[in-house]
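Structure, as structure tokens:
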Amino acid sequence: MEEEKIIRSEAHKFYNLKIGGGGFREPIDQFHLLKSRLLDFYPPASKAIFLDEIKASIISNLIEHRAKAQGGNAKA
């Protein structure tokens with residue numbers, strides 16, 4: 001279980017530095033960075049945990065954006 005926490009922490013840091021907060025890159029560049037980062041994890045289960053945390057970060061960021069920009073609702 002400790003290994004999963006470490007992987008999720010790494011994913012969260014990666015998201016904040018390269019995708020979400022600090023990295024204003026084109027989506028294809030973000031994809032290539034993510035693909036490269038996945039090479040650091042050997043077992044498929046570790047890759048799945050990493051990607052699950054990235055997905056959770058994206059969803060959380062989207063919900064936060066909607067709350068600020070659109071009163072919590074998606075645009076039509």
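These values consider heavy atoms only, across backbone and side chains, with no hydrogens, waters or symmetry-generated copies.
Residues meeting the side-chain hydrogen bond (donor to acceptor under 3.5 Å, both in side chains) test with Glu64, sequence neighbours left out: Lys68. By the side-chain hydrogen bond (donor to acceptor under 3.5 Å, both in side chains) test, Glu4 is found to be paired with Arg8, residues two or more places apart in sequence or in another chain being considered. For Ile58, the side-chain contact (heavy atoms from CB on, under 4.5 Å) test picks out Tyr15, Ile54, with sequence neighbours left out.
Taking CZ from Phe50 and CD1 from Ile6, the interatomic distance works out to 14.0 Å, rounded to the nearest 0.5 Å. Note that the OG atom of Ser57 and the CG atom of Leu62 stand 12.5 Å from one another [nearest 0.5 Å]. In this structure, NE2 in His12 is found 4.5 Å from CG in Asn16, a value given to the nearest 0.5 Å. Taken from CD in Glu2 to CD1 in Ile7, the straight-line distance is 11.0 Å, to the nearest 0.5 Å.
Considering all non-hydrogen atoms of both residues, Gln30 and Ile19 come closest at NE2-O, 3.3 Å.
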Give every donor-acceptor pair under 3.5 Å between a side-chain atom in residues 36-45 and any protein atom, sequence neighbours left out.
unit_1: Ser36; atom_1: OG; unit_2: His32; atom_2: O; d: 3.1
unit_1: Arg37; atom_1: NH1; unit_2: Asp40; atom_2: OD2; d: 2.6
unit_1: Arg37; atom_1: NH2; unit_2: Glu10; atom_2: OE1; d: 2.8

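Inter-residue side-chain proximity for Glu53 and Ile49 is flagged as unmet; no heavy-atom pair is nearer than 4.5 Å.
Ser9 places no side-chain N or O within donor-acceptor distance of the main-chain N or O of Lys5, the cut-off being under 3.5 Å.
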